[in-house]
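Written below as structure tokens is the structure these notes are about.
Heavy-atom basis, side chains included; hydrogens, waters and symmetry copies ignored. Below, chains carry the letters A, B, ... as their sequence lines are ordered, and counting in each starts from 1.
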There are 2 protein chains.
Amino acid sequence: MIAIGEASRQSGVGIETIRYYEREGIVPKPVRASNNRRLYSAEDVGRLRFLKKCRDLGFRLADAKTLLDLSEGDGKDCRIVKELAVLHISYLRAKISELRRLETALYELTANCDSGNVSCPMLSQLRSANDR
Amino acid sequence: MIAIGEASRQSGVGIETIRYYEREGIVPKPVRASNNRRLYSAEDVGRLRFLKKCRDLGFRLADAKTLLDLSEGDGKDCRIVKELAVLHISYLRAKISELRRLETALYELTANCDSGNVSCPMLSQLRSANDR
DNA sequence: CTTGATCCTGTAGTTACTACAGAAGTTATA
DNA sequence: TATAACTTCTGTAGTAACTACAGGATCAAG
């Protein structure tokens, strides 16, 4: 059993974040040593690492918890997992194309923008009343 | 001079958001009617619309305010505008490639995932101790 | 005169942490 | 043994940019 700092190091999840996950009921409350300090097992660290990977993949915390619960449950079949993943992929794709759109729009706005212009064309564009 | 509801309609900025912008000092406090209700001029609506466009382009609110201030100032030259825009474009590009990476990773994780699997390969992958 | 729409202020909730403050306990060094 | 440095504890507040009330006042229409 290890202390929270070591659990943080082993899982890659920050100390404050671990305590936050505990408060939020994302992970079970760990046992306490006689001095009231939290003690984590290898399993606890595994959970934290699992959550970290999910978060790194862009899942929201609630979904990460769902996945964690699924992975601890008996029926580990894929349905819900795949559903969540597919949903998240389409969310990512939508986000990507939106950002690409923004990038293009912004690039075009700056195209005529050159130091020395008396009146900035980008600002003019943004100030214009038309379009939406 | 129009009421806040109409200003919201004309600018596309929500009523609560308009009041929020006022609280935060993003837009100047509007004049008040004798009944204490806010009254907006065409110029005020213009500011809101400007902010809306900036936000739609993905600028953070603070940057939107900077742009707004620039567009109201005397020296409307492009330097700071372009700087902000270029910075934001590179931020967008970084975000896009990050999301693409996530999409690929997630897609690969789901590849072997098929309803009916007894043990979900995606969960196994996430539970595995290796890599980070 | 009543109904429904709009507006007001002020506060709290959202997401997922992060950053303290102040106290207590632990470990390493002199 | 004293002291310093480190770690942990609880609890609270801050972040970004809104959004959602609650509870009350005012307004316009019929």
Considering heavy-atom distances to DNA chain D, does B:Leu61 or B:Glu16 have its closest nucleotide positioned more toward the 5' end?
B:Leu61
Most 5' of B:Tyr20 and A:Leu39 on DNA chain D, judged by nearest nucleotide:
A:Leu39
A:Glu22: what forms a side-chain hydrogen bond (donor to acceptor under 3.5 Å, both in side chains) with it, not counting sequence neighbours?
A:Arg38
By side-chain hydrogen bond (donor to acceptor under 3.5 Å, both in side chains) - contacts of A:Thr104 (at least two apart)
none
Atom-to-atom span, [atom1] of [X] to [atom2] of [N] - whole angstrom:
X: B:Asp63; N: D:dA16; atom1: CG; atom2: C1'; answer: 12 Å
X: B:Glu6; N: D:dC27; atom1: CD; atom2: C1'; answer: 16 Å
X: B:Ile26; N: D:dA17; atom1: CD1; atom2: C1'; answer: 10 Å
X: B:Arg19; N: D:dT19; atom1: CZ; atom2: C1'; answer: 12 Å

Under a 4.0 Å heavy-atom criterion, DNA chain C is touched by chain B from C:dT6 to C:dT9
Side chains of B:Ser11 and B:Arg49: donor-acceptor distance under 3.5 Å anywhere?
no
Quick one: is B:Arg23 getting a side-chain N or O under 4.0 Å of the D:dA17 phosphate, OP1 or OP2?
no
Sequence neighbours left out, what pairs pass ring-ring contact (aromatic ring centres under 6.0 Å, His included) with at least one residue falling in residues 36-71 of chain A?
A:Phe59-A:His88
In Å, rounded to the nearest 0.5 Å, how long is the span from CG of B:Leu99 to CG of B:Leu106?
11.5 Å
Base, sugar-phosphate alone, or nothing: which one does A:Arg60 contact when heavy atoms must sit under 4.0 Å apart?
sugar-phosphate
Determine the contact category for B:Tyr21: base if any of its heavy atoms lies under 4.0 Å from a base atom, sugar-phosphate if only primed atoms, P, OP1 or OP2 are that close, otherwise nothing.
sugar-phosphate
Identify, residue by residue, the members of residues 27-38 of chain B with a heavy atom below 4.0 Å from DNA chain C, and return them in order of residue number, or none.
B:Arg32, B:Asn36, B:Arg37, B:Arg38
Side-chain atoms of residues 27-36 of chain B: list all donor-acceptor pairs with protein atoms under 3.5 Å, sequence neighbours left out, distances to 0.1 Å.
residue, atom, partner, partner atom, Å
B:Arg32, NH1, B:Asn36, O, 2.7
B:Arg32, NH1, B:Asn36, OD1, 3.4
B:Asn35, OD1, B:Arg37, N, 3.1

Can you list the residues that meet the side chain to side chain contact (heavy atoms under 4.5 Å, CB included) rule with B:Ser41, with sequence neighbours excluded?
B:Met1, B:Glu43, B:Asp44
Suppose we screen for side chain to side chain contact (heavy atoms under 4.5 Å, CB included). Which residues come up paired with A:Glu83, at least two apart in sequence or across chains?
none
Strictly by salt bridge (Lys or Arg N to Asp or Glu O under 4.0 Å), give each pair with a member in residues 94-107 of chain A just once, sequence neighbours left out.
A:Glu103-B:Arg93
